Asks: 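Quick one: this structure, given as structure tokens, is what I'll be asking you about.
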Amino acid sequence: MTQAQAKHLKDYQAPLFTISHIELDFDLKGADTQVIAKSKVQRIGEHNEALILVGEQIQLQSVLIDGEKTNYKQENTQLIIETELNEFELTVVTKQDPEANSSLEGLYMSDGAYCTQCEAEGFRRITYFLDRPDVLAIYSVRVEADKAAFPYLLSNGNLIEQGSCDDENRHFVRWQDPFPKPSYLFALVAGDFDLLEDKFITKSGREVKLQVFVDKGNLHKANHAIVSLQKSMAWDESRFDLEYDLDIYMIVAVDFFNMGAMENKGLNVFNTKYVLADTASATDDDYHGIESVVGHEYFHNWTGNRVTCRDWFQLSLKEGLTVFRDQEFSSDLGSRAVNRIQAIRVMKNQQFAEDAGPMSHPIRPESVIEMNNFYTVTVYNKGAEVIRMMHTILGEKNFQLGMKCYFKRHDGQAVTCDDFVNAMESASGIDLAQFRRWYSQAGTPTVQVSDQYNAATKQYQLTVKQSVVSQGKTGAALHIPFSIELLDSQGASIANQVLDVKQAEQTFIFENVAALPIPSLLQDFSAPVRLDYQFNVDQLVHLTRYASSEVARWEASVGLFSQAVWQNVSSLEAKETMHLDARVIEAIRGIVLDDGIDKALVAEILAFPTAAALIEQVESVNLDKLAAAREFVVNEISEACLDELVTRYRSLIKEDDAASRAFKNICLSLISKVSSEYEDLVTKQYQDASNMTDSLGALKAAVCGQLTCQPSLMQDFEQKWLTTPLVMDKWFSLQASQNTDDVLEVIKGLTEHESFSFNNPNRVRSLIGFFVAANTYQFHDASGKGYDYLTDVLIKLNELNPQIAARMITPLIQFSKFDDKRQQLMKASLLRLKALPNLSKDLFEKVDKALEQA
Ligand code: B3K
Ligand code: ZN
């Protein structure tokens, strides 16, 4: 039954009881698994209220207070205990069957290993508890299991005891975590693994043992993860002056996992996708992803674990800040520009779409039905942009002082986003009162810019107007750090600064400007807003060449490409022939030939905006015309630059670095798209490839150009990697990416493939998730068959794994930009879901909101 009760931030109340210590005893025995939880409970303040614990999907066996049987009531998920005691020991015994838990929340089995996932509210599937982040307890955990099947028994903190049980086939361990923590950070893993060990010496000279546990046979793929961990630890010391606090740090890689990874104290659980890598099976992007996720989870140790969230509405307190920290980590270690471009893409393509759809919410949401639905690009990525803006306004030095103040005030506490901003404000002396609105206002603000040049006074002026509609209402003016550069006609920089935009309309005057300059606006995406300024082609070409910021050069190239597409959409609407301005071609040719630009940046530029990215730029779209226009522009550019692309490709083959590979592979895709003459380049690259980036690059080119070699290469790849699930995921995604009318039939057939399983989120995401999120034309086929199929899949996942279902529904609820016919079809699908008798809270919340908007 659906329990669609929304919770509201405004209703937050401090807990009536707290639990300072908990002893957990796990008897892991398959369907007969038992958990004994002994908690030290204290009443907070003077009141006579009952103690109310929550538990879900577990069978209550007994409840004792100070060792004596006690009366209790059970109402829905609540365990209600009336007592007059102010302090007591509560013992709760429960049973459960982890093997039957396909939701992958709470205690479940992943490929023969027990593991847990408790964030956000999964601990209540382990025992009845005060499962809220503002109850911090010291955990002591005993785990008992079969010796042979589960040689490793892991939990948070330090191992303090281990031994054999009376039954000689079983053994036990005892772990103690000295740091009080909320229940969402609890973890347990029991299984048989290969173990890679190393160490890290902290700057104060303490030795920390590092352990990475992987499935048997994968030891050789754990090295990059452990090196990434060492780099993360060193970076957090040098940039943030933060040192690790336990003597051991464990990472366990599991196959069945709902998201990327989880920062449980001292015992991170990771999706194998973000641990396992060797050059044969992982791409350069995979390597980068591992480094960044390992960093992210490690950085949570301070921003999330030592200082945690008071309530789940404050999720961005830890996630926005930790994403900002992991982005800085990647940028300090690699290319700042490329990392920034990737972050901007997530914002513009996904977050803007979320904010324009029914799930729009502020980075600090005010109302939530299912918390798992709020691990969003808004809370995470826009949250990180909000932290980044504070960093821009304060500067690195003040920002670091703010961090110091934050930890000094709140170490060991569960706090709010306001507490964080207060710390930044106190340490820097900068008023952030208006800035705080970013936390409460949803929606993407538009910043409209107009400019004027006065040759007589040599003044150039920029007028900046901001507006935002947030959930139907006009929002208040925000504090926007608006970064600009002015270039002269020779490309020299004549101004480069951050404007403090605070009013609805503001004019900035630049003196002594010799001639009309070319402005680079919202440089490096200095605020999460839509920029509205009518650039002409010459200005954009100028910016692609001369902007000081590499990110601005990329932005200008996106602008050139996008304008060309939309102009051709208009031509099609007017029944005119399509045309591409020669200046656009020349700008791209110039970039392809320019030896001086970072190759990774060129690769980003040549990865022209996807259909989904283009749709985000407009209010409504004729998808069929967009498809034709985009195809036309890509083909015109590729044909015109074919010789240059081939020449660059041939020279890049000799290089052996990630940036060259990225550039080379995008060249190969563009070449293959417009000419079958170079098919031998594709087959040769595939055959000669010494790493996954190149194999996959060749395969992608074959698929993208629908080359005759495609079926045989795809088959070869499948045979080669049949027993390597993470590589099969790449193959599934490639299959799902095909822009062919029968792709849906192909996908349906592949759900029967021996490597596919609806129980494994990675498989589901790589095949079906990829199709619905990235194969825009086919998913949105005018017949509605894509919608019908997704709906069928969601009905299945609704029972199997509601979290994954709710994640995959996204393209179905973001319907507002499509034509009436498609919108009607999408709504019919939503109504079909709404009518399900057992609709999960996860899906209910999204379906209901979407239909409200319909
Ligand atoms: N904190 C976890 C995400 C938990 C998601 C719960 N549905 C991973 C992370 O952000 O680091
Ligand atoms: Zn996180």
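Quick note: residue numbers are just sequence positions, from 1. Computed from a predicted structure; not experimentally measured. Counting starts at 1 for both ligands and their atoms, in listed order. Keep in mind that the numbers below use all heavy atoms, side chains included, and drop hydrogens, waters and symmetry copies.
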Asks: Ring-plane angle category for His300 and His296, please: parallel below 30°, perpendicular beyond 60°, tilted otherwise.
Replies: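 Aromatic pair His300/His296 classed perpendicular.
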Asks: What do we get for Glu105 next to ligand 1 when only non-hydrogen atoms under 4.0 Å count, side chain, backbone, both or neither?
Replies: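 Looking at Glu105 and ligand 1, no heavy atom falls under 4.0 Å.
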Asks: Using a 4.0 Å cutoff against the non-hydrogen atoms of Gln803, which atoms of ligand 1 qualify?
Replies: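 Every atom of ligand 1 under 4.0 Å from some heavy atom of Gln803: 7 (N).
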Asks: What about the rings of Trp312 and Tyr184, do their centers lie closer together than 6.0 Å?
Replies: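 Between Trp312 and Tyr184, the centre distance is under 6.0 Å.
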Asks: Among all protein non-hydrogen atoms, which one is nearest to atom 8 (C) of ligand 1, and what is the separation to 0.1 Å?
Replies: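 For atom 8 (C) of ligand 1, the nearest protein heavy atom comes out as Ala261 O, 2.9 Å.
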Asks: For atom 4 (C) of ligand 1, which protein heavy atom lies nearest, and how many Å away is it?
Replies: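 That would be Glu119 OE1, 3.5 Å.
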Asks: State the atoms of ligand 1, each with its element, that fall below the 4.0 Å cut-off from a heavy-atom position in Met262.
Replies: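 Counting atoms of ligand 1 from 1, those under 4.0 Å from Met262 are 1 (N), 2 (C).
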Asks: Check ligand 1 against Lys318 and write out every atom of the ligand that is under 4.0 Å from a heavy-atom position of the residue.
Replies: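 Selected atoms, number and element: 1 (N).
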Asks: Ignoring hydrogens, what is the shortest heavy-atom contact between Lys796 and Phe758? Give both atom names and the distance.
Replies: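 It is CE-CD1, 3.3 Å.
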Asks: Looking at Glu319, which of its N, O or S atoms is the nearest one to the Zn ion (ligand 2)?
Replies: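 In Glu319, the heteroatom (N, O or S) nearest the Zn ion (ligand 2) is OE1.
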Asks: Does the ring center of Phe407 lie less than 6.0 Å from the ring center of Trp302?
Replies: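 Ring-ring flag for Phe407/Trp302: true, centres closer than 6.0 Å.
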Asks: Do side-chain atoms of Asn156 reach the backbone of Ala187 as a donor and acceptor pair under 3.5 angstrom?
Replies: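 Between the backbone of Ala187 and the side chain of Asn156 there is a qualifying donor-acceptor contact (under 3.5 Å).
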Asks: So for ligand 1, is Tyr380 a polar contact partner (N or O within less than 3.5 Å, distance only)?
Replies: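 There is such a contact, yes.
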Asks: Would Tyr274 and Phe257 count as a ring-ring contact (aromatic ring centres under 6.0 Å, His included) if you check the C-alpha gap in whole Å, the side-chain angles of each, and the deciding distance to 0.1 Å?
Replies: CA-CA 11 Å; Tyr274 292 107; Phe257 206 64; 9.8 Å; no
Asks: State whether Glu297 contributes an N/O/S atom found under 2.8 Å from the Zn ion (ligand 2).
Replies: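 Checking Glu297: none of its N, O or S atoms is under 2.8 Å.
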Asks: Write the atom name of the N, O or S atom in His300 that is nearest the Zn ion (ligand 2).
Replies: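 Atom name of the closest N, O or S in His300: NE2.
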Asks: Could you find the nearest protein heavy atom to atom 11 (O) of ligand 1 and give me its residue, atom name and distance?
Replies: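 The closest one turns out to be Glu297 OE1, 2.7 Å.
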Asks: Give a yes/no verdict on whether any heavy atom in Met371 is under 4.0 Å from an atom of ligand 1.
Replies: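 It does not, in that no heavy atom of Met371 comes within the 4.0 Å cut-off of ligand 1.
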Asks: Counting each atom of ligand 1 from 1 as listed, which ones have a heavy atom of Asn372 under 4.0 Å away?
Replies: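 Numbered from 1, ligand 1 contributes 6 (C), 7 (N).
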Asks: Check ligand 1 against His296 and write out every atom of the ligand that is under 4.0 Å from a heavy-atom position of the residue.
Replies: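 Atoms satisfying the 4.0 Å criterion: 9 (C), 10 (O), 11 (O).
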Asks: Identify, by atom number and element, the atoms of ligand 1 in contact range of Glu263, meaning under 4.0 Å from any of its heavy atoms.
Replies: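 Contacts of ligand 1 toward Glu263, numbered from 1: 1 (N), 2 (C), 8 (C), 9 (C), 11 (O).
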Asks: Could you tell me how the ring of His361 sits relative to the ring of Phe374: parallel (under 30°), tilted (30 to 60°) or perpendicular (over 60°)?
Replies: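 Correct class here is perpendicular.
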Asks: For ligand 1, is there an N or O atom under 3.5 Å from any N or O atom of Tyr375?
Replies: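 In fact, backbone or side chain, Tyr375 has no N or O that close.
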Asks: Check whether any side-chain heavy atom of Thr77 lies under 4.5 Å from a side-chain heavy atom of Arg124, and answer yes or no.
Replies: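 Not touching, per the 4.5 Å side-chain cut-off.
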Asks: Is there a salt bridge (charged side-chain N to carboxylate O under 4.0 Å, His left out) between Lys7 and Glu370? Walk through the geometry before answering.
Replies: CA-CA 9 Å; Lys7 284 191 189 153; Glu370 170 51 61; over 6 Å; no
Asks: Quick one: closest heavy-atom pair of Ser155 and Phe186, and the distance?
Replies: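 Looking at all heavy atoms of both residues, the shortest contact is OG-CE1, 3.7 Å.
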Asks: Which atoms of ligand 1 are found less than 4.0 Å from any heavy atom of Glu319?
Replies: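 The list of qualifying atoms is 1 (N), 9 (C), 10 (O).
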Asks: Would you mind listing which atoms of ligand 1 come within a distance below 4.0 Å of any non-hydrogen atom of His300?
Replies: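 Matching atoms, with element in brackets: 9 (C), 10 (O), 11 (O).
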Asks: Under 30°, 30 to 60°, or over 60°: which ring-plane class applies to Tyr152 and Phe213, parallel, tilted or perpendicular?
Replies: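 Perpendicular: the ring planes of Tyr152 and Phe213 meet at over 60°.
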